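Read through the structure below, which is laid out as structure tokens, and then see the notes.
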Amino acid sequence: MKKKCIIITFVTFVVLAALTFLLPQEIPLHFGVSGSGSVVNKYFILLFTPVPAILYRAIVKNYKN
């Protein structure tokens with residue numbers, strides 16, 4: 001299972017790194033009720049690299065019990 005998590009993390013990083021070349025410099029994060037929004041740098045998405053592996057591990061652990 002640990003090997004699968006490492007593979008998932010690596011594949012996710014490669015995909016997100018490739019997408020950073022296609023995205024604009026600033027990405028809207030969310031918009032408020034008044035219509036104003038906040039923006040983040042395009043490299044912010046690289047922080048989400050381990051999320052799929054963490055979710056996979058949590059789901060597999062939940063089904064094994």
Side-chain angles (χ1 to χ4, degrees):
M1 181 168 80
K2 192 172 185 178
K3 186 176 181 180
K4 284 185 183 180
C5 287
I6 292 171
I7 292 171
I8 291 171
T9 303
F10 179 73
V11 169
T12 305
F13 178 76
V14 169
V15 169
L16 291 177
L19 287 176
T20 57
F21 294 111
L22 302 174
L23 294 172
Q25 190 63 30
E26 292 183 336
I27 302 171
L29 191 59
H30 69 84
F31 294 96
V33 176
S34 64
S36 63
S38 60
V39 293
V40 294
N41 195 332
K42 68 180 179 180
Y43 298 108
F44 182 75
I45 64 169
L46 294 176
L47 292 175
F48 296 107
T49 299
V51 171
I54 292 169
L55 289 173
Y56 171 78
R57 189 167 181 166
I59 291 170
V60 168
K61 184 178 179 183
N62 190 24
Y63 281 117
K64 283 190 176 183
N65 289 335

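Since the structure is predicted, the reported quantities are computational estimates derived from the model, not experimental observations. Numbering starts at 1 and runs along the sequence shown. These numbers come from the heavy atoms of this one structure, side chains and all, not from hydrogens, waters or symmetry mates.
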Distance-only donor-acceptor hits, side chain of residues 12-29, under 3.5 Å, sequence neighbours excluded:
| from | atom 1 | to | atom 2 | distance (Å) |
| --- | --- | --- | --- | --- |
| Thr12 | OG1 | Ile8 | O | 2.7 |
| Thr20 | OG1 | Ala17 | O | 2.6 |
| Gln25 | NE2 | Asn41 | OD1 | 3.2 |

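Applying the ring pair (Phe, Tyr, Trp, His ring centres under 6.0 Å) criterion to Phe48, with sequence neighbours excluded, gives Phe44.
Under a hydrophobic clustering in which Ile, Leu, Val, Met, Phe, Trp and Tyr are joined whenever their side-chain heavy atoms come within less than 4.5 Å, directly or via other members, Leu55 and Phe10 fall into different clusters.
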